[in-house]
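The model shown is predicted, which means the values in this text are computed figures rather than measured ones. Throughout, protein chains are lettered first and strands after them, A, B, ... in sequence-line order, and every chain is numbered starting at 1.
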Amino acid sequence: MNIELVLLEDVKNAVLKLYGQEINDNQIQLQNTRKEFEGDITLVVFPFLRISKKSPEKTSEDIGTFLKDTNKLVTEFNVVKGFLNLVIAQEYWLGAIESANSVDKFGIIEPTENSETVMVEYSSPNTNKPLHLGHIRNNLLGYSICRILQANGYKVVKTNIVNDRGIHICKSMYAWQKWGEGRTPENTGIKGDHLVGEFYVKFDQEYRKEIEELVQSGMEQKEAEQKAPSLVAARELLLKWEAKDPETVKLWQTMNSWVYAGFDVTYKELGVDFDKIYYESDTYLSGKDEVLRGLKEGIFYQKEDQSVWADLTGDKLDQKILLRSDGTSVYMTQDIGTAKKRFIDYPIDKMVYVVGNEQNYHFQVLSILLDKLGFEFGKGLYHFSYGMVELPSGKMKSREGKVVDADDLLEEMVNVAKKMSEELGKLGSLSKEEATETYKKIALAALKYFMLKVDPKKNMLFNPEESIDFNGNTGPFIQYTYARIKSVIRKANDTGITIPKKVNSGHILLPKEKELIKKIKLFPAALKESADNYSPAILANYCYDLVKEFNQFYHEHSILKAETSELVEFRLLLSDVVAKVVANGMELLGINMPERM
RNA sequence: GCCUUGGUAGCUCAGUUGGAUAGAGCAACUGCCUUCUAAGCAGUAGGUCAUGCGUUCGAGCCGCAUCCAGGGUACCA
């Protein structure tokens with residue numbers, strides 16, 4: 001039973017009986033009473049003044065009296081201006097904590113046979129460079145939104161589209177052919193994705209040099225950009241690849257396999273995974289077919305140079321290229337093919353793309369194109385658009401090597417976590433392996449929470465000079481509180497105290513205890529809101545809020561040394577529920593909780 | 001130019017469908033480890049919620065205008 005729902009009906013009744021008018025749910029505003037006032041739940045009565053034709057105070061008084069008379073859970077009320085503060089009976093709060101404790105995963109809804117299927121695409125790397133901080137944000141957001149959707153009862157298919165073909169990988173391939181000198185991950189010891197990335201950077205350096213030279217010899221900048229030998233060579237490779245030239249395909253396979261091996265390591269470290277991986281090389285031809293079908297059906301048009309276009313001016317957008325003049329496909333072409341294949345492979349009710357906001361326009365166009373091509377799912381695509389990770393110097397650029405590398409950062413975080421743990425000297429009782437495991441958990445929590453606590457749609461700043469915090473509103477702080485609760489429970493068990501299933505109905509709640517119960521009760525709502533808004537940040541900040549509240553409680557009142565054994569048991573129960581809720585919440589963010597730290 | 005997203009404390013960020021005196025953390029300063037884990041707690045200081053007008057009983061939140069910043073804008077992905 002939820003008190004808000006009951007009160008909702010009661011208030012409707014009250015207004016009907018007192019003033020003879022029916023009102024809608026959305027006119028009723030119930031909120032938690034602010035701490036400085038007495039009461040638990042507050043009804044805002046301003047919206048009823050028009051109906052009551054009385055002063056705010058008088059209206060509040062009327063409704064308050066009515067509620068107190070009809071609902072035995074409403075024990076007292078007081079009025080401050082147009083705010084009606086209701087005091088809810090103790091037994092209600094005691095029941096709430098008991099029921100939160102009685103279920104295994106409080107607030108989490110397991111998917112069933114009939115649940116809707118959501119496919120979430122995230123990560124979507126290019127195979128020409130290693131992952132950087134921007135990709136980390138994508139992966140963490142993608143993974144956790146999958147978990148959050150699942151916890152809200154959706155069937156989720158985690159998917160990844162690997163952009164394994166295209167001009168970008170041809171650039172790395174060309175650079176390797178030209179300057180690679182037969183270097184491989186094996187003979188250099190360099191992680192595969194990093195090695196390939198080096199050639200991508202090399203390409204860009206040489207390409208820029210060539211442009212400069214051409215411009216100095218009198219060519220226009222634009223023309224030079226198109227005619228620089230390196231780019232021409234990369235284009236040729238792309239044509240050869242699309243023509244299935246054996247040598248080119250072989251090189252492509254080899255270099256991609258290096259990258260995949262590297263990505264696997266990074267994904268594993270990050271703790272993300274996928275149910276189904278799509279490769280653009282498998283889907284782009286189908287996309288091309290769709291575009292050609294569209295051309296034949298007159299949905300698209302062809303220019304004299306043979307390039308194929310969509311005219312979207314009717315949708316208040318622009319002209320969009322779908323096939324280059326040399327017949328090769330572009331990003332959009334591939335996405336059409338991939339989308340089609342996915343809807344054949346799975347019974348998808350909702351398709352979510354986790355992709356940066358720089359591609360907002362792309363997804364707007366994709367949606368319209370699919371719709372024009374007659375795919376009914378086109379209009380329903382959802383672009384989960386998130387902001388950039390910026391450095392103090394501005395945007396990250398892989399080509400210029402101006403990035404925070406994912407692997408480097410992870411390693412650095414583990415080192416810092418290790419150093420801090422050793423300084424604090426708390427992991428002495430653990431074996432070396434267990435301690436290392438714990439450093440990793442802490443480091444990952446710091447990184448993940450740092451990325452996820454920020455509203456996804458906003459750009460965020462990362463300053464490499466200042467390493468990510470382990471104190472304050474951070475993952476490790478939340479882990480720490482959890483570990484402390486676990487420690488208390490261990491101590492209790494050692495002395496033979498166990499956590500009860502039921503609470504003593506005569507227990508009188510302290511203000512802090514009640515505050516904790518109220519916060520715990522908010523978990524299901526936070527979880528739902530997190531899913532509805534595609535924002536792990538809501539869940540992250542909820543976890544912090546709850547843990548912060550617990551810490552205050554912990555410092556004001558002892559648990560094991562409480563006055564009576566009943567009180568000890570009650571507080572143990574309360575602490576245990578906090579730990580469980582926080583662990584469940586953090587798990588949905590992909591953050592694991594250590595038993596000790 | 002057009003489209004789009006943002007602007008909250010020195011810094012990084014929260015801020016429930018519009019609701020009571022706008023909140024955390026970091027940095028600074030002050031206390032608290034003989035007491036269940038001090039990665040903590042309590043406190044001090046720090047705000048024209050970019051600016052102006054409007055809607056409303058009530059605006060950080062809604063509308064309009066302006067300023068600033070990011071992103072996109074026909075053969076990169």
Those residues at least two apart in sequence (or on a different chain) that pass ring-ring contact (aromatic ring centres under 6.0 Å, His included) with A/His557 are A/Phe553
Applying a 4.0 Å non-hydrogen cut-off, can you work out what A/Glu358 is touching in the nucleic acid: base, sugar-phosphate, or nothing?
sugar-phosphate
**OP:** Name the nucleic acid region contacted by A/Ser421, choosing base, sugar-phosphate or nothing; use a 4.0 angstrom heavy-atom cut-off, strictly under.
**Re:** base
A/Leu560 CG to B/C36 C1', in whole Å, measures 5 Å
Exercise. Contact class for A/Tyr480 vs. all strands (heavy atom < 4.0 Å): base, sugar-phosphate, or nothing?
Worked result: base
Taking for A/Met388 and for A/Ser558 the nucleotide of RNA chain B with the nearest heavy atom, the one nearer the 5' end belongs to A/Ser558
Checklist entry - Going by modelled atom types, is there a donor-acceptor pair between the base of B/C3 and the side chain of A/Asn360 at under 3.5 Å? => result no
To the nearest angstrom, the CD-C1' distance between A/Gln334 and B/C76 comes to 11 Å
Intra- and inter-strand pairing of RNA chain B, written as dot-bracket with Watson-Crick and G-U pairs under 3.5 Å and | for the latter, reads (((((((..((((.....[...)))).(((((.......))))).....(((((..]....))))))))))))....
The correct set of residues in residues 44-57 of chain A placing a heavy atom under 4.0 Å from RNA chain B is A/Val44, A/Phe46, A/Pro47, A/Arg50
- Stacked cation flag A/Arg137 on A/Tyr386, 6.0 angstrom / 45 deg: no
Tabulated below should be each protein N or O lying under 3.5 Å from an N or O of nucleotides 11-13 of chain B; please produce it.
unit_1, atom_1, unit_2, atom_2, d
B/C13, OP1, A/Leu461, N, 2.7

Counting only side-chain N and O atoms of A/Arg34, is one of them less than 4.0 Å from OP1 or OP2 of B/G15? no
- Query: A/Ile559 near the nucleic acid: base, sugar-phosphate alone, or nothing, with a heavy-atom cut-off under 4.0 Å?
  - Reply: base
Applied to residues 568-577 of chain A, the side chain to side chain donor-acceptor pair (under 3.5 Å) test, sequence neighbours excluded, yields A/Glu513-A/Arg571
Per atom distances to the A/Gln359 side chain, the nearest of B/G70, B/U37, B/A77 is B/A77
Note to self: Determine whether the aromatic ring of A/Trp309 stacks with the base of B/A74, defined as ring centroids separated by less than 5.5 Å and ring planes inclined by less than 30°.
What the structure shows: no
When A/Asn32 and A/Arg235 are each assigned the nearest nucleotide of RNA chain B, the 5'-most assignment goes to A/Asn32
Exercise for review: Indicate whether OP1 or OP2 belonging to B/C75 is found under 4.0 Å from a side-chain N or O atom of A/Ser325.
Suggested key: no
side-chain contact (heavy atoms from CB on, under 4.5 Å) with A/Asn256: of A/Asn128, A/Ile169, A/Val162, only one passes, and it is A/Ile169
The single option from A/Tyr200, A/Phe199, A/Tyr207 that satisfies ring-ring contact (aromatic ring centres under 6.0 Å, His included) with A/Phe203 is A/Tyr207
Taken to the nearest whole Å, NE2/A/His362 to P/B/A74 is 15 Å
Dump every N/O contact between nucleotides 27-35 of chain B and the protein below 3.5 Å, one line per pair.
unit_1, atom_1, unit_2, atom_2, d
B/U35, O2', A/Lys561, NZ, 3.1

Residues at least two apart in sequence or cross-chain that pass side chain to side chain donor-acceptor pair (under 3.5 Å) with A/Gln31, listed by chain then number, are none
A/Gln226 CD to B/C75 P, in whole Å, measures 8 Å
A/Asn126 has its side chain closest, among B/A20, B/U73, B/A77, to B/A77
- [ ] Flag as yes if A/Phe83 stacks onto the base of B/G19 (centroids under 5.5 Å, planes under 30°), otherwise no.
- [x] no
Here the distance between atom P of B/A77 and atom OH of A/Tyr284, to the nearest Å, is 13 Å
Here the distance between atom P of B/C76 and atom CG of A/Asn163, to the nearest Å, is 15 Å
The salt bridge (Lys or Arg N to Asp or Glu O under 4.0 Å) partners of A/Lys512 (sequence neighbours excluded) come to A/Glu549
Across all chains, not counting sequence neighbours, the salt bridge (Lys or Arg N to Asp or Glu O under 4.0 Å) partners of A/Lys320 are none
By side chain to side chain donor-acceptor pair (under 3.5 Å), A/Asn26 pairs with (sequence neighbours left out) none
NA contact type, A/Asn85, heavy-atom cut-off 4.0 Å: base, sugar-phosphate, or nothing? base
Those residues at least two apart in sequence (or on a different chain) that pass side chain to side chain donor-acceptor pair (under 3.5 Å) with A/Lys58 are A/Asp62
Check your understanding: NA contact type, A/Lys491, heavy-atom cut-off 4.0 Å: base, sugar-phosphate, or nothing?
Key -> sugar-phosphate
Glycosidic torsion of B/C33 (syn if within 90° of 0, anti otherwise) classifies it as syn
From CE of A/Met451 across to P of B/G25 the rounded distance in Å is 23 Å
When rounded to whole Å, the CG to C1' distance for the pair A/Asn533 and B/U16 reads 10 Å
Check this for me: does the side-chain of A/Thr42 come within 3.5 Å of the base of B/A20 through a donor and an acceptor? yes
| With a 4.0 Å cut-off on heavy atoms, is A/Ala537 in touch with a base, just the backbone sugar-phosphate, or nothing at all? | nothing
Every protein N/O within reach of nucleotides 41-47 of chain B N/O, cut-off under 3.5 Å:
unit_1, atom_1, unit_2, atom_2, d
B/C41, O4', A/His555, NE2, 3.4
B/A42, OP1, A/Gln552, NE2, 3.1

